[in-house]
Amino acid sequence: MLNRLKDDLSEAFKVAIREVAEAGGWPSAEVPEVPWDYPSESSFGDLSTTVAFSLTKQARRSSREIAGAIAQRLALDPSAVERIEVAGAGYLNVFITKSWWRQVIGEVLRAGALYGRARVGEGKKVQVEFVSANPTGPLHVGHGRGAALGDALANLLQAVGFKVEREYYVNDAGTQMEILGRSILARYQQLLGCDVPFPEGGYQGDYITGLAREVIQREGDQFLNQDEGKMVLTFAAFAAEEILKGIRTDLDAFGVQFDRWFEESTLYRRPPERNQTLLEEAIAFLKEKGFIYEEEGALWFRSTAFGDDKDRVLIRSSGEPTYYASDIAYHMEKFRRGYDLVIDIWGHDHHGYVQRVKAAVQALGYPPEALQILLIQLVNLLRGGRPVAMSTRAGEFVTLKEVLDEVGKDAARFIFLTRRAEAPLDFDLEVAKAQSEENPVYYVQYAYARLSSVLREAEKAGFQAPSLDADLSLLKLPEEFSLMKQLALYPEVILGAALAFEPHRLTAYLQEVAGQLHSYYRRYRFISQDSNLSWARLALAEAVRSVIGDALSILGVAAPERM
RNA sequence: GCGCCUGUAGCUCAGCCAGGAUAGAGCAACGGCCUCCGGAGCCGUGUGUCGGGCGUUCAAAUCGCCCCAGGCGCGCCA
């Protein structure tokens, strides 16, 4: 709605600029786009443009003069625009009519959950791959941040018309599986009284011992004297499956569901209908394109042809494929599935890898912008302002489950989404638990619960479902117009957050709306003796509630009617 | 050494991609507010070399270059 208004205004401005140019005898061929700002100060109007500044050169006049001339020739819809003012050095400030703002309420109430939805995605297929933690241990807080971001981003993209699939890449092959198997085997042997050393670089967490104990419970000591190489594989497969179960449970508790769990081992298996594995196919394709060469017994990919610093090995001289090779095959597989856009969410420590994978995607014949890689910075876990010590190596880490048990899903998700991905995040357990103003999630949820309560009370007082027929012209307070403006902005916030891959814009928006609502609530009453006014304010209440609820659902945070 | 991210109020951060009017929030601090729809709330008070420098521009937190500080990455590791 606001968008439509801005488009209309832009058109009117362009017409006026052309007229001014013709009258003034300066070139009118290049009429610039008209940029719109929301001025911070209400005396500067509701919308403001600096378009006059950009015309000074071609017009050879001052921006102030140009702005004045434009303002005089503007033909505007009087039902939407109250007046135009020229201010400062040549700003053109647009004041929107009160009746136009009031229409936003009806728009929200009529559209309901569809308010703020857009179609820019045009049904294009997007894949968001996130979390993808190795099945070698439970999810920790950092994974939680990735999970919250990926899920919220997927929701946002859905909201603007993309067809989204969520995927988890399971690294169930390669070295780390072997280390996992060895770690469990060592604990198994130790538990049964054998004096064996723990493997170097093994996974030391207590859960490893727990899994070994589980094996003993189920199978006893029958594996003690069997072939170790075989046992490592068996134990690894068992452990990965168990750990993955735990991961699924944790993600479920966190409210994240994936459409597909793609196993790395698939890349090394020959599908019945083909005569090559996906990995072999990928390499064969690159070879055919001339990007592969042999040197020192290894197979190299000429990634430098696509902006990488150096060429990379795909097949080691030992015959083993590198992790990079499997990732190339994986991305080939992804794009074959027909996604228009693939988004990978990785930990920030992988950023050296970005260029490489993009290079591979290009070599495979896909446009580089079809793959977007988002890097998430670390989560610093604090308790009462003091860092909580964590070391994955020593097996000491705070798991996502522990955090969820302590602070709950909603607080965790919301806080994870308050910062943009590439900024490190301090996550203070005490703050996340606090049921007070320190904690942004409660502040926002409370606004929703409060409005729900008001609407319940209203019903008791005889104001059934907020009426679209309410006389909104009774809404005259500045605070009411502030809220209406926030409602009007919602579609832009959704669209902007989705296209920029920045869900944190939505948490910020929610905090702003909640703040305005609380402030209004303390000062005025929704339900009063004046029944017409009550109807009008309740319509506003319902509209605000609807938008807060919708935004929370996109973030994956509950919108409680009572707290 | 090269590359990426970060540097904005005492603290945590928005704003930077698409440059515009006195740079915004929250927390912390202090002082107020429960005849009234939920006080998990509200109102008020103060805070800035936007890391530094140079440049582009009518206009720079925002764009470019250089420098400083912190983090991370640069494997035939994953």
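Order of the sequence lines sets the chain letters (A, B, ...), proteins ahead of strands, with each chain counted from 1. Everything numeric in this text was worked out from a predicted model, so none of it was measured.
For A:Ala500, the side-chain contact (heavy atoms from CB on, under 4.5 Å) partners are A:Glu502, A:Arg505, not counting sequence neighbours. Under the side-chain hydrogen bond (donor to acceptor under 3.5 Å, both in side chains) criterion, A:Glu492 pairs with A:Lys6, A:Tyr38, not counting sequence neighbours. Annotation: side-chain hydrogen bond (donor to acceptor under 3.5 Å, both in side chains) contacts of A:Ser10 (sequence neighbours excluded): A:Trp36. By the salt bridge (Lys or Arg N to Asp or Glu O under 4.0 Å) test, A:Glu129 is found to be paired with A:Lys334, residues two or more places apart in sequence or in another chain being considered. With sequence neighbours left out, A:Arg83 forms a side-chain hydrogen bond (donor to acceptor under 3.5 Å, both in side chains) with A:Glu85. Taking A:Ser519 as the reference, nothing meets the side-chain contact (heavy atoms from CB on, under 4.5 Å) condition, with sequence neighbours excluded. Among residues two or more places apart in sequence or in another chain, the side-chain hydrogen bond (donor to acceptor under 3.5 Å, both in side chains) test is passed with A:Lys358 by none.
Closest to the A:Lys310 side chain, of the nucleotides B:C42, B:G75, B:A21, is B:G75. For A:His348, counting side-chain heavy atoms from C-beta on, the closest listed nucleotide (B:G41, B:G75, B:G71) is B:G71. Side-chain proximity of A:Ala87 to the nucleotides B:A40, B:C42, B:A21 is greatest for B:A21.
Between the side chains of A:Tyr169 and A:Asp344, no donor N or O sits under 3.5 Å from an acceptor N or O. Side-chain atoms of A:Ser48 and A:Asp37 include no donor-acceptor pair closer than 3.5 Å.
A:Ala449 comes within contact range of at least one nucleobase, with a heavy-atom separation under 4.0 Å. Counting any heavy atom pair closer than 4.0 Å across all strands shown, A:Glu320 reaches no nucleic acid atom. Across all strands, A:Asn134 comes closer than 4.0 Å only to sugar-phosphate atoms, never to a base (heavy-atom distances). The residue A:Glu41 sits close to a base: some heavy atom pair falls under 4.0 Å. Residue-level contact check: A:Lys460 touches neither bases nor backbone, having no heavy atom under 4.0 Å from any strand. Within 4.0 Å of A:Tyr521, counting heavy atoms only, lies at least one base atom of the nucleic acid. A:Asp311 comes within 4.0 angstrom of no nucleic acid atom, judged by non-hydrogen atoms across all strands. Within the 4.0 angstrom heavy-atom criterion, base atoms lie near A:Tyr524.
If you take atom C1' in B:C17 and the same atom in B:U12, they sit 24 Å apart, rounded to whole Å. Comparing the C1' positions of B:G10 and B:C74 gives a spacing of 38 Å, expressed to the nearest Å. Rounded to whole Å, the separation between the C1' atoms of B:A40 and B:A78 comes to 45 Å. Between B:A21 and B:A60, the distance separating the two C1' atoms is 14 Å to the nearest Å. Distance check on atom C1': B:G39 versus B:C43 gives 13 Å, rounded to whole Å. For B:A14 and B:G1, the C1' atoms lie 35 Å apart once the distance is rounded to whole Å. With both ends at atom C1', the span from B:G48 to B:U8 equals 8 Å, rounded to whole Å. With C1' as the reference atom, B:G41 and B:C36 are 15 Å apart, rounded to whole Å.
Here A:Phe414 and A:Tyr442 keep their ring centres 6.0 angstrom or further from each other.
Within the structure, ring pair (Phe, Tyr, Trp, His ring centres under 6.0 Å) contacts touching residues 492-516 of chain A (residues at least two apart or in different chains) are A:Tyr490-A:Tyr509.
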Distance-only check: which donor-acceptor pairs under 3.5 Å involve side-chain atoms of residues 419-426 of chain A, not counting sequence neighbours?
from	atom 1	to	atom 2	distance (Å)
A:Asp426	OD1	A:Asn380	ND2	3.1

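For the pair A:Lys460 and A:Glu457, the salt-bridge criterion is met [side-chain N within less than 4.0 Å of a carboxylate O].
The glycosidic torsion of B:C66 lies more than 90° away from 0, which places this base in the anti conformation.
Applying the 4.0 Å criterion to OP1 and OP2 of B:C77, one finds that A:Arg316 has a side-chain N or O inside that range. Proximity of A:Arg450 to the phosphate of B:G39: a side-chain N or O atom is located under 4.0 Å from OP1 or OP2. A sub-4.0 Å separation between OP1 or OP2 of B:A40 and a side-chain N or O of A:Tyr446 is present. Contact check, A:Thr322 against B:C76: no side-chain N or O comes under 4.0 Å of OP1 or OP2. At B:C42, one or more side-chain N or O atoms of A:Tyr443 fall inside 4.0 Å of OP1 or OP2 (strictly under the cut-off).
Looking at A:His351, its side chain comes within 3.5 Å of the base of B:G3 through a donor and an acceptor atom. Contact annotation: side chain of A:Ser317 to base of B:C76, donor-acceptor pair present below 3.5 Å. For B:G38, the base has no donor-acceptor partner in the side chain of A:Arg562 [N/O atoms by modelled type, under 3.5 angstrom]. For B:A78, the base has no donor-acceptor partner in the side chain of A:Asp349 [N/O atoms by modelled type, under 3.5 angstrom].
Nucleotides of RNA chain B nearest to A:Asn93 and A:Ala458 differ in position, and the one nearer the 5' end is that of A:Asn93. Heavy-atom nearest nucleotides on RNA chain B were determined for A:Ala298 and for A:Gly88, and the one closer to the 5' end corresponds to A:Gly88.
Taking atom OH of A:Tyr442 as the reference point, atom P of B:G26 lies 20 Å away to the nearest angstrom. Rounded to a whole Å, the CG atom of A:Asn171 is 13 Å from the C1' atom of B:C77. To the nearest angstrom, P of B:G38 lies 18 Å from CD of A:Gln445. Counting to the nearest Å, the P atom of B:C4 and the CH2 atom of A:Trp346 are 17 Å from each other. Distance A:Leu382 CG to B:C27 P: 18 Å, rounded to the nearest Å.
For RNA chain B, runs of at least 3 consecutive pairs of the Watson-Crick or G-U wobble type, with both hydrogen-bonding distances under 3.5 angstrom, map to B:1-7 with B:68-74, B:10-13 with B:24-27, B:29-33 with B:41-45, B:51-55 with B:63-67.
In terms of modelled atom types and a separation under 3.5 Å, the side chain of A:Ser534 and the main chain of A:Asp530 share a donor-acceptor contact.
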Which pairs, protein N/O on one side and nucleotides 43-46 of chain B N/O on the other, fall under 3.5 Å?
from	atom 1	to	atom 2	distance (Å)
B:C43	OP1	A:Ser519	OG	2.8

Give every pair of a protein N or O atom and an N or O atom of nucleotides 12-14 of chain B that lie under 3.5 Å apart, one pair per line with the distance.
from	atom 1	to	atom 2	distance (Å)
B:U12	O2'	A:Arg419	NH2	2.6
B:C13	OP1	A:Pro424	O	3.2
B:C13	O2'	A:Arg419	NH1	3.4
B:A14	OP1	A:Arg420	NH1	2.8
B:A14	OP2	A:Arg420	NH1	3.2

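The 12-atom threshold is exceeded at CD of A:Glu369, counting heavy atoms of other residues, nucleotides or ligands nearer than 6.0 Å.
Per the stacking criterion (ring centres < 5.5 Å, plane angle < 30°), A:Phe53 does not stack onto the base of B:A59.
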